[in-house]
Amino acid sequence: MIVNEHIEGYIDSLIPDLPDDLRDLEEWALANGVPIIRKSMQQFLKVILLERNPLKILEIGTAIGFSTLFLERFSRPETEITTIEKVEMRLKDARKNLAGHDRIRLIEGDALTVLDNMVLNHTERYDFIFLDAAKGQYPEFLKPIKTLLNPGGMLVTDNVLLEGSIAESKFSIERRDRTIHKRMREYLYELTHSDDFETVILPVGDGVAVSINKEK
Ligand SMILES: C[S@@+](CC[C@H](N)C(=O)[O-])C[C@H]1O[C@@H](n2cnc3c(N)ncnc32)[C@H](O)[C@@H]1O
């Protein structure tokens, strides 16, 4: 936890309840150990969506579709959402949960390959990209994301502070977590030192990086 537990609990207590269907799905995810966006991140996304009004959204990391349905619910009625997931165990629930949602397109496969193909095929660009996938892969996602994000578009990256351990020395990180620690640091360094993006890192949820594509 990045923010003091007390404070996070207080902030969460102020967040309005979810609509019933999303609340049920959130409960199911939490009961079944599926990692989904936290309350504070949900509220953050809601405000950002209202402010930006994106018409084309790309999500990397669907899991069972909770955040996808959340993005659909709190975006404009004409907004289209493309979401990518590769793990069959998650896909079987995502297919079910997203069935009948015409504004959502679920792409099954490894996001790195999918993004590379999108770049190669010059498919549409997106106004808003939500990155919530394998943290160790974030640096590799950055190049295709830059190409796929519209000028002025926003990239929101979740879980960038790794429960606060991002600020610790690599020597105090458990050996098994060192690669993710190193790669997330690389990612944040690249994002914050890139000429392509302007980025702010905020201690919301597990840490969020908000980046704007500076291309005019
Ligand atoms: C934190 S979960 C996503 C949670 C979801 N955004 C939500 O809040 O409801 C991350 C998901 O990304 C998927 N994932 C990780 N790396 C991926 C990749 N390279 N391509 C596609 N999916 C990936 C995982 O299988 C996992 O389901």
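Numbering of residues begins at 1 and proceeds along the displayed sequence. Start at 1 and go down the list; that is how both ligands and their atoms are numbered. For clarity, every value in this text was computed on a predicted model and none was experimentally measured. For the numbers below, each heavy atom of this structure counts, side chains included, while hydrogens, waters and symmetry mates do not.
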Enumerated ligand 1 atoms positioned under 4.0 Å from heavy atoms of [X]:
| X | value |
| --- | --- |
| Arg90 | 27 (O) |
| Gly109 | 20 (N), 21 (C) |
| Glu59 | 6 (N) |
| Ile37 | 7 (C), 8 (O) |
| Phe66 | 9 (O) |

Check: Say you draw a straight line from CG of Leu148 to CG of Leu155; how long is it, rounded to the nearest 0.5 Å?
Finding: 11.0 Å

Among all protein non-hydrogen atoms, which one is nearest to [atom], and what is the separation to 0.1 Å?
| atom | answer |
| --- | --- |
| atom 2 (S) of ligand 1 | Pro35 O, 3.6 Å |
| atom 20 (N) of ligand 1 | Ala111 N, 2.8 Å |
| atom 7 (C) of ligand 1 | Ser67 OG, 3.0 Å |
| atom 14 (N) of ligand 1 | Ala133 CB, 4.0 Å |
| atom 19 (N) of ligand 1 | Gln137 OE1, 2.7 Å |
| atom 11 (C) of ligand 1 | Glu85 OE1, 3.6 Å |
| atom 10 (C) of ligand 1 | Asp132 O, 3.1 Å |
| atom 12 (O) of ligand 1 | Gly61 CA, 3.4 Å |

Give a yes or no answer on whether the side chain of [X] reaches the backbone of [Y] with a donor-acceptor pair at less than 3.5 Å.
| X | Y | value |
| --- | --- | --- |
| Arg76 | Pro54 | no |
| Asp158 | Val208 | no |
| Thr147 | Val119 | no |
| Thr79 | Ser75 | no |

Notebook entry, point to check: Can Phe141 be reached from Met154 by stepping across I, L, V, M, F, W or Y side chains whose heavy atoms are under 4.5 Å apart?
Noted result: no

Check: Touching ligand 1 at all, Ala29? Heavy atoms, strictly under 4.0 Å?
Finding: no

Notebook entry, point to check: Contact between Asn159 and ligand 1, counting heavy atoms under 4.0 Å?
Noted result: no

Item checked: Residue pair Ser67 / Met41, side-chain heavy-atom distance below 4.5 Å -> no

Note to self: My understanding is that we take every heavy atom of each candidate and find the minimum distance to atom 22 (N) of ligand 1. Doing that for Arg38, Lys86, Met41, which one comes out nearest?
What the structure shows: Lys86

Item checked: Cationic N near anionic O, under 4.0 Å, Arg90 to Glu85 -> no

Notebook entry, point to check: Can Arg125 and Glu215 be counted as an ion pair, charged N to O under 4.0 angstrom?
Noted result: yes

Next item on the list: Compute whether any side-chain donor of one residue and acceptor of the other, for Glu59 and Thr83, lie under 3.5 angstrom apart.
Entry: yes

Check: Does Val87 reach ligand 1 with a nitrogen or oxygen that is under 3.5 Å from one of the ligand's nitrogen or oxygen atoms?
Finding: no

Check: Angle class for the Phe70/Phe74 ring planes (parallel below 30°, perpendicular above 60°, tilted otherwise)?
Finding: tilted

